[in-house]
Amino acid sequence: MVTTGIKAQPLKKAAGIGNNGMTRTFPLDKVRNIGIIAHIDAGKTTVTERILFYTGRTYKVGAVDEGTAVMDWMQQERERGITITAAATTCHWREHRINIIDTPGHVDFTAEVERSLRVLDGGVVVLDAVAGVEAQSETVWRQADRYSVPRICFINKMDRVGADFHHTVSMIEERLRAKAISIQLPWGKESQFQGVIDLLDGKALRLPEDVSMPPAELPIPEDEREEVAKYRQILIERLAENDDQLMLLYLEGGDIPGEQIKAAVRRLTLVNRIVPVLCGSALRNKGIQPLLDAVVDYLPSPLDVPPVHVIDLQTGEVDVRQASDDAPFSALSFKVVADPFMGRLVYFRVYSGKVKAGMQVLNSSKGHKERLGRLILMHANRREEIEEADTGSIAATLGLKNTFTGDTLCDSARPILLEAIRFPEPVLSMVVEPKSKADQDKLGEALNKLSEEDPTFKVRTDQETGQTLISGMGELHLEVLIDRMLREFNVTVRVGKPQVAYKETITVSVEVEGRFIRQFGGRGQYGHVWLKLEPGERGSGFRFVDQVRGGAIPKEYIPAVEAGVKEALESGVLAGYPIVDIKATLYDGSYHEVDSSDLAFKMAGSIALKDGVRKANPILLEPIMKLEVVMPAQFLGDVIGDLNSRRGHVEGIETHGETCVIRALVPLAETFGYATVLRSLSQGRATYSLEFQCYRELPTSLAGQIEVRVRGK
């Protein structure tokens, strides 16, 4: 059973643990862990705010534009009107418990989406009825695909001018390559949008804008019946193509009951064969109750998803953990927050078993035991204390000093390891320095806490200049973090210009020798290796292969050689940037029975790598961004001309009425200040989004300029 910590009282008022300490419990099949994911400005937070209101979790509708949204609790979020950090909450609908994570839509905060999807069972993808599937919609969809998260789509803003439900559904199929199944049709559109028509139950729902009024169930209007019959037939045929049980009913002829169709929709959604599509207007309070019904009816409980795969640390073999309170405890920490009032909070998802406050658990990722402090049920930045977290729970705890994002927490008697969370590498760097001596003392602590919270925020010190470099996913990402340093840690810093995170790699294979031989009078140092260096595919990273035969190098020194090679990769030979996409094969060498040591072989590996890279025609790689610009057609020529001047490559142009969408690839170095330029080119009427695509070779002329500039420093 899953403990929620709500008072035994009417569902409308179920808001948390009561003063009497009584709790209500929910069977595991009545738990839903979902994320609200989408492109920026599609209306995710507005949808979440309406869900909280209609489920009785809040008693006033929060508004993003007014800065009163519960889920956008950070000051920076309220000022900018965007979501920056994923916020968790819990609500209840139709005797089900729904744990919700509202995620950011901006590409700079993609790590928040990544870690949220890793621990969720289902997702609600919010799409703009006018813009349709946008660039970041594709990114979050791919992230959800990677974790096989079942989804439903909610086409929002049906009341806006230019809203087109059917066009958006076709975009889901074309751009996301998903089998979109419309289970609703809009009743009217733009200013005439008044509700939805349920294709499964064959009824119309008039959705009043007044939040105090319930939806009105009505017969399908006469002028809509022909279209409804057409789309209901399409719905049944497409379901029957993918579901054997429904196919039998379809072949028998006759009208198929709505309950049978719902059962088929659920079966196919759970296995990611289809994506049910609903519609509404969250800002006008339309379509939220049917969306909640769809979450309960079609998205999975922890019992409906496959058991989580784990590595059994006692046997070293892959195993599974069943979603059950009776199984050994296992959980994944997916978020660390430095709370100004409570201290270090660690969010975790329980995959099996249960855990109580004060229990000792094993952090199997780090190999040490930790004791849980208080257990907290989070509601954005508000907290409700609970005594126990059961299977399927998403909770937070205090007291875990050495647990970080992606670490596994488990029963020490049955140690296992869950798959960690992978995060993209930062693409942009800035130099920061404290403004005063007082700031200098606090800067290190602030940077340390922020890097603990955000795995895509990296901090390093340039050994040659002594400067502190911070790296992140984009200008907005770093701007927000610098703002947080001032507000949360009272640290004032000077900021240098943004720097592109270039990489270095090799283009030809070489064989190279590395010797580290020193004699100090007594015992010396002797390390001697032969490496073969080969270029790897873009994005393949670093690979080390041991092919030493005949004991030329003792096994105990091989890890030291690898460590030396890895250390040398951190600073390249052209301009000091990290070396990537390289395969190093250790195939020969020699050792001295007395003088050889780990240090000697580490140095030999490092020397060999540096010499080999110099001989292997090294090149610089630059990050390439995928750019999508949406604008009126009249500005198309000016925008394309500007993109050409930025070394951009236009991949496609789409036209929707008077609106044009340009998709292009542009080097990150050429995108600084693009917002201002685009605004002037389009009279402020164009919008754009950027996301990292890949690394590509930097043109030789530009590479030479960067090398000269770096050497000049």
Side-chain angles (χ1 to χ4, degrees), residues 28-29 31-39 42 44 96 98-101 103 110 113-127 133 136-155 168-184 199-200 234-247 260-279 291-309 320-323 332 349 351 392 418-419 421-422:
L28 202 50
D29 64 349
V31 174
R32 301 288 183 271
N33 290 316
I34 67 166
I36 312 291
I37 57 177
H39 185 90
K44 295 177 303 304
H96 285 66
I98 305 175
N99 297 319
I100 301 174
I101 297 182
T103 64
T110 189
V113 184
E114 188 78 28
R115 59 176 159 201
S116 299
L117 286 171
R118 173 65 179 81
V119 298
L120 292 170
D121 300 324
V124 175
V125 182
V126 182
L127 299 169
V133 176
Q136 187 64 4
S137 308
E138 294 183 61
T139 303
V140 298
W141 194 273
R142 286 197 301 270
Q143 288 173 301
D145 278 342
R146 194 157 54 245
Y147 295 114
S148 299
V149 175
R151 278 144 277 176
I152 58 178
C153 285
F154 180 73
I155 298 178
T168 305
V169 172
S170 66
M171 288 184 77
I172 295 172
E173 300 214 319
E174 291 167 15
R175 293 186 65 170
L176 304 180
R177 294 178 177 83
K179 187 161 282 189
I181 304 286
S182 303
I183 61 174
Q184 290 179 351
L199 292 176
L200 306 185
I234 293 172
L235 165 67
I236 293 171
E237 288 175 0
R238 297 193 70 184
L239 291 174
E241 288 171 8
N242 295 277
D243 186 82
D244 292 341
Q245 294 182 44
L246 198 71
M247 174 63 82
Q260 295 282 4
I261 304 175
K262 281 185 179 179
V265 172
R266 178 171 178 79
R267 285 193 297 270
L268 293 172
T269 304
L270 294 184
V271 294
N272 265 318
R273 297 279 293 278
I274 67 165
V275 179
V277 181
L278 301 90
C279 62
L291 174 62
L292 281 164
D293 287 337
V295 167
V296 167
D297 290 337
Y298 308 126
L299 290 182
S301 73
L303 294 174
D304 295 316
V305 294
V308 62
H309 283 80
V320 295
R321 277 279 167 93
Q322 300 292 336
L332 184 75
R349 154 76 191 265
Y351 283 99
L418 291 157
E419 182 188 355
I421 310 172
R422 297 187 184 92

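Quick note: numbers below take in every heavy atom, side chains included, and nothing from hydrogens, waters or symmetry partners.
Heavy atoms only, all atoms of each residue included: Ser182 and Leu199 are closest at O-CD1, 3.3 Å. Contact between Gly392 and Asn99 at its shortest, heavy atoms only, is O-ND2, 3.6 Å. Across Val149 and Gly123, no two heavy atoms sit closer than the pair CG1-N, 3.7 Å. Contact between Pro307 and Arg321 at its shortest, heavy atoms only, is CB-O, 3.5 Å. Pairing each heavy atom of Arg273 with each of Asn242, the nearest pair is NH2-OD1, 3.3 Å. In plain terms, the two heavy atoms of Pro150 and Ser148 that are nearest each other are CD-O, 3.3 Å.
The CD1 atom of Ile34 lies 8.5 Å from the CG atom of Leu120; values are rounded to the nearest 0.5 Å. Summarising the geometry, atom CG belonging to Leu268 is positioned 11.5 Å from atom OH belonging to Tyr298; distances are rounded to the nearest 0.5 Å. Here the OG1-NZ distance, from Thr269 to Lys179, works out to 12.5 Å after rounding to the nearest 0.5 Å. For the atom pair CG of Asp145 and CG of Asn272, the computed distance is 7.0 Å after rounding to the nearest 0.5 Å. One finds the CZ atom of Arg267 at 9.5 Å from the CG atom of Leu239 (value rounded to the nearest 0.5 Å). Distance check: Leu117 CG to Arg115 CZ gives 12.0 Å after rounding to the nearest 0.5 Å.
Applying the 6.0 Å contact sphere to CZ of Arg146 captures more than 12 heavy atoms from other residues, nucleotides or ligands.
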Where do Asn33 and Val119 land on the side-chain contact (heavy atoms from CB on, under 4.5 Å) test, with the steps shown first? CA-CA 8 Å; Asn33 290 316; Val119 298; over 6 Å; no
Evaluate the criterion salt bridge (charged side-chain N to carboxylate O under 4.0 Å, His left out) for residue pair Arg32 and Asp297; output intermediate values, then yes/no. CA-CA 10 Å; Arg32 301 288 183 271; Asp297 290 337; over 6 Å; no
side-chain contact (heavy atoms from CB on, under 4.5 Å) between Ile421 and Leu332: does it pass, once the steps are laid out? CA-CA 10 Å; Ile421 310 172; Leu332 184 75; 4.2 Å; yes
Audit row: Leu292, Ile98, side-chain contact (heavy atoms from CB on, under 4.5 Å) steps and yes/no: CA-CA 9 Å; Leu292 281 164; Ile98 305 175; 4.0 Å; yes
Run the side-chain contact (heavy atoms from CB on, under 4.5 Å) check on Leu418 and Val308 step by step: do they pass? CA-CA 8 Å; Leu418 291 157; Val308 62; 3.4 Å; yes
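Using a 4.0 Å cut-off between a side-chain N of Lys or Arg and a carboxylate O of Asp or Glu, Asp243 and Arg266 do not qualify as a salt bridge. Using a cut-off of 4.0 Å between Lys/Arg side-chain N and Asp/Glu carboxylate O, Asp121 and Arg349 are scored as salt-bridged.
Cation-pi geometry between Arg177 and Trp141 is not met: the NZ or CZ atom fails to fall both under 6.0 Å from the ring centre and inside 45° of the normal.
The closest side-chain heavy-atom distance from Cys153 to Val125 is below 4.5 Å. Contact annotation: the side chain of Val133 approaches that of Leu176 to within less than 4.5 Å [non-hydrogen atoms, C-beta and beyond].
Of the possible polar contacts, one joining the Arg118 side chain to the Glu419 backbone as a donor-acceptor pair under 3.5 Å is found.
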